[in-house]
Structure formats: C-alpha cells, structure tokens
Amino acid sequence: MATFEGLSKFQDLLHTVDRPFENIAIEFKGLIPEQKRFEAACALMALLEDGKSQTYERVVSLYILYNLYNVVPIHQNPFLILFLNLYKTLSSNFDLVEKDYDLLVEFRVEALILADKGSQLADKTPVDVYQQFVNGDKSLIIDTEEINIAEFEYYIKQEFDIRPSKEEHPERHDDSKRPWSWTPIDSNDDSYALPSLQHEPSQDHNHDHEQDHEPDIEQDYDIITEFTGQDGIRVLMDKALQGALTIPEEEFILEQFEKNDKLVYHCDLLPEKFPDLVENNSRIAVEALLQLKSSSQVGKFLKALITVNDPERSQQSSVDPVNRMRSSMEVINGLTSFPLSPEFLHKYLTNCIRACEASQNRDTQDRQVRLICVFFQSLIRNNTVDVNRFLVEMPAFCLQFSRIREAVDLYRQFLILQRNPDVDNVVSNADIVEDVNGELNLDDPGQWDLS
C-alpha cells in the first residue's frame, strides 16, 4: 500500500503546518478521487507504521484518517486498530514520551481521536497544536479514563477474531499468499493483527467458540449476499436513506451501480428523500445523480441537493449541520463530469451562507464558515464558478466573519480579482438555458440535458 501511485499528489500536503487540519483534510479529498481514497489512506497507514515520518507529517496523517470516516463513531473507523496500536505503544512508554515533545504531541492527538473528539483539532493548525501541548495547555488534553481501551479491544475481538491462531492450525496460515494475517486478539498484547480483505470461513467445526462468533461477525456479508436482485437493492437503498451504511454495504451498492448504469431507476429514489441519502451516504448520492443526469427528474434532485443545508432540516435530521454541509459539498465535488450551471452553484452557496448565518452555535458556525470559504476557493481553482456572481454577498460574508482566517484569505482573493479587471471570467461549461427573467428553473429538464 505504501506504493500507492498517487502518493506524490498529497505527500507535500502532509508537511503543511500553517493551515487548519480541516482545510488539509478537505484538500486531501480534492486531490484523491473518491474511489482511490481508501487506497491512499492505507498508504498513510503504512507511513505511520514505519515510524520514520516526522511529527507534523504524522499528526496530519492521523487527522486525515480520522476525518475520512468522522461521520461514523470512532469504533467503526476502519483504522481503529492502527490508532489503538500507536496509542498503546506510546502509553506503555509514557515516561519516555513525556520527555520527548514530538512523541507527546502525537500521543495527545491519538488520544483525542480515540476519545472521538478529533473534531476539536479541525480549526487548529499543526503548529498551533504542537505549541499548545508543549506549553502545557490542557484544553486539548484528554483524560485517559475517557479512552475505553477494554471496550475497543472487545469490539475488535468481536469483529476480527474469527480464525484460529497459527499455533493451532499452521497449515491454514500461509502468510506468503496474502498481505495480512489473522491472529487472535489478546487483551494483554500490545499489538493487533490487521484483517485480511477476504474472509475465509473456518473449516474446523470442533471449535465451538469460533462457531459461536461467526454468524454475528459475518452479518454484513450475509445480508449483502441476499441483496442480489432489484428488490434487494431497493431494501439496501432504503437503509441508506436512514443512516450510514457499513463499508461492505456501501461498496456493494457502488459495485452494482457500476455494473448497471440504469440501476437508480429501480431503487424507488424520490427527490424529497434525496437529502437523506446525501447526508448519510454521500458517495452513493454522487453515483445516483450521475445516473440521473439524462433524466427529466434531475432538476428536482438538484433542487433537493440545495435544500440539504436548510436550517429547517435540523429538526428532521440526526446529522449535525457541519457534517450535513460537508456531505453536500462532497457530492458536488464528486460531480466532476456533471457540468453544474452557475445559477445552481449560486443558489447552493447562497443557501449555505444563509444556513451558516442562522446557526446559533458559535463553534458550529465557525466550522461552517471554514467549509464555505475553502469550498469556494476550490471552485475558483478548478474554474467551475463565475466569481462575478458573488462580488456582493461573498465579500460581505467574509467581512461578517472576519474572525475566521479562511474568511480573511477569501476576502483578500476577492480584492485581487476586483483590482484586476482583466481577470478571466471563470464559468462552467454547462449549456445554460435561463427563463425570461434570468432565473434558474430547476424543474426544467431542458437545462440539465447533459447527453
């Protein structure tokens, strides 16, 4: 995994020290295509495991691995074993760690992640975090009692301890034939085995303990096996509207979408339910929209996408406003082959701004401001937004939240654009059809004829 072909794309990003962690994670997602992110994350895991990377590089890598899956509880993060391994290794040598600031900073960051409080790092730069820990600032220090190692170990054991050890059956543990090996989890052991990507059920029926655990552990895969027809896909898609799917379930649906480019029409997906899919499973939402791009209903789905960030949805959704906004932005970023019109982007961003201004929670509002500013800058870099449409509300938005560094940076960028009248007007290549009033009609399928 360490030889991931796109490693050079984000290697420089790992050395960033003067930008908030949230910005770094967002740029990482922008650099790596959705379908390649897990592979890239495994490359980060390899960098962390070899122990040769520098402190800033390590804490940035840790945050990215946390951020990629921060919409699910920490125990469902696929890199939980890595986090726990690193934390326990440093914890067992804490006398040495206390004397080494580099190790101490990494240890504190791992503690925040395992306590599922990694979001507290979002608005801080790696330099900020380093200085806070070195100076003894306790605002980010997690009490060890908040990290329930025993609970993590039990979860890992339930999920992964499904094969006998090498000592019991050496003939079934040829490590040369697979990249990862399975070993039983011992609560007194400081290391954990990483699971194989392919499950091989035990052939030995004499191990009652092992047989007792297999049905629960294989539940996700057994469920997926049942979803072989269109009825099964509909059931799984209905589940995707209600909450985040497990990784195997998500990958299964994405594979089915890839095999059948008309599958979305058999899923009973309605525009009014689309925001639920965006919030809970943004990758699936992207694929659904791409299959709907030639449909007469696509305008209604895009209109629904705009409403994801409506303040009113807070009463309907269990997803917090920041993650809702992030998920909707991930969907738009995933529509690289979907030429969204300037009118759509204007309405979407205006709605994001309205939602941010309506937020009553200062921390939530600050994080939304950062998301909006970073997202808008990415649109400018990719030449997918007409900045002339935002010369009034966007600078005003930046001034309103001038306490936020990203807002100040974006405001300066607007000043440069205004002072340079020769700057090219960056617009998308969508074929725009406006009505007589110049307003966008999202229900007019003619505007979204992308064939």
Side-chain angles (χ1 to χ4, degrees), residues 1-2 14 21 41-67 69-70 73-118 120-121 126 129-163 165-167 173 175 179-196:
M1 289 296 183
L14 303 182
F21 282 101
C42 289
L44 292 180
M45 178 181 70
L47 288 175
L48 288 165
E49 287 183 326
D50 69 17
K52 297 178 182 178
S53 47
Q54 299 177 350
T55 302
Y56 288 128
E57 188 177 5
R58 293 180 69 80
V59 296
V60 168
S61 299
L62 286 167
Y63 183 82
I64 289 174
L65 293 180
Y66 164 78
N67 179 269
Y69 302 95
N70 66 350
I74 185 61
H75 70 270
Q76 292 181 19
N77 189 302
F79 296 96
L80 171 63
I81 296 176
L82 171 69
F83 297 144
L84 202 54
N85 263 344
L86 296 174
Y87 178 80
K88 290 189 69 177
T89 299
L90 294 180
S91 180
S92 63
N93 298 283
F94 193 68
D95 290 342
L96 175 63
V97 170
E98 279 188 307
K99 301 173 184 177
D100 187 322
Y101 287 146
D102 288 348
L103 294 178
L104 182 63
V105 170
E106 180 183 337
F107 176 75
R108 297 299 188 197
V109 169
E110 289 161 2
L112 278 166
I113 289 174
L114 287 173
D116 215 355
K117 295 183 178 180
Q120 293 184 15
L121 298 170
V129 170
Y130 192 96
Q131 291 177 345
Q132 279 190 248
F133 286 138
V134 169
N135 294 333
D137 188 333
K138 296 184 179 181
S139 62
L140 290 177
I141 294 180
I142 296 298
D143 191 321
T144 55
E145 293 182 358
E146 294 187 54
I147 302 173
N148 195 333
I149 293 179
E151 184 177 331
F152 286 138
E153 289 173 343
Y154 177 78
Y155 178 81
I156 293 170
K157 186 177 180 67
Q158 291 293 97
E159 288 295 306
F160 300 137
D161 187 17
I162 61 174
R163 298 189 189 184
S165 65
K166 289 184 179 182
E167 289 74 11
H173 287 269
D175 289 345
W180 303 108
S181 62
W182 289 84
T183 59
I185 302 301
D186 185 348
S187 60
N188 297 318
D189 189 6
D190 286 336
S191 61
Y192 296 90
L194 290 168
S196 167

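From a predicted model like this one, the values you see are computed outputs, not experimental measurements. Throughout, numbering of the chain's residues begins at 1 and tracks the sequence.
Residues that satisfy the side-chain hydrogen bond (donor to acceptor under 3.5 Å, both in side chains) test with S61, not counting sequence neighbours, are absent from this structure. In terms of the ring-ring contact (aromatic ring centres under 6.0 Å, His included) criterion, residue partners of Y87 (sequence neighbours excluded) are, by chain and number, F107. Evaluation of the side-chain hydrogen bond (donor to acceptor under 3.5 Å, both in side chains) rule for N67 yields K29 as partners, not counting sequence neighbours. Under the rule for a side-chain hydrogen bond (donor to acceptor under 3.5 Å, both in side chains), E57 has no partner lying at least two apart in sequence or in another chain. Residues satisfying the side-chain hydrogen bond (donor to acceptor under 3.5 Å, both in side chains) criterion with S91, sequence neighbours excluded, are absent altogether. Looking at residues two or more places apart in sequence or on another chain, you find a ring-ring contact (aromatic ring centres under 6.0 Å, His included) between Y130 and Y56.
Rounded to the nearest 0.5 Å, atoms CD1 (I81) and CE (M45) are 9.5 Å apart. Taking NE2 of H75 as the start and CD of E151 as the end, the distance is 8.0 Å to the nearest 0.5 Å. The distance from atom CG of D100 to atom CG of D95, rounded to the nearest 0.5 Å, is 13.0 Å. Rounded to the nearest 0.5 angstrom, Q120 CD and F21 CZ are separated by 12.5 Å. Taking CG of L48 as the start and CD of E106 as the end, the distance is 7.0 Å to the nearest 0.5 Å. Atom CG of residue L103 and atom CD of residue E110 lie 9.5 Å apart, to the nearest 0.5 angstrom.
Between L62 and I113, the closest heavy-atom pair is O-CD1, 3.6 Å. Of all heavy-atom pairs spanning D50 and L47, the tightest one is OD1-O, 2.6 Å. The two residues V60 and P126 make their nearest non-hydrogen contact at CG2-CG, 3.8 Å. Of all heavy-atom pairs between L114 and F152, the closest is O-CZ, 3.3 Å. Contact between Y63 and G118 at its shortest, heavy atoms only, is CE1-O, 3.4 Å.
Annotation: side chain of I74 is in contact with side chain of F83 (closest heavy-atom distance under 4.5 Å). At least one side-chain heavy atom of L65 sits less than 4.5 Å from a side-chain heavy atom of L82. Residues V109 and Y66 form no side-chain contact, since every pair of their non-hydrogen atoms from C-beta on lies 4.5 Å or further apart. Side-chain atoms of R108 and L112, non-hydrogen and from C-beta on, never get closer than 4.5 Å to each other.
Side-chain atoms of N77 do not come within 3.5 Å of backbone N or O of Y69 as any donor-acceptor pair.
In this structure, Q76 places its CD atom where more than 12 heavy-atom neighbours from other residues, nucleotides or ligands lie under 6.0 Å away. Heavy atoms from other residues, nucleotides or ligands lying under 6.0 Å from OH of Y101 number 12 at most.
Exactly one of L84, N85, L90, L86 qualifies for a side chain to side chain contact (heavy atoms under 4.5 Å, CB included) with K88. That residue is L84.
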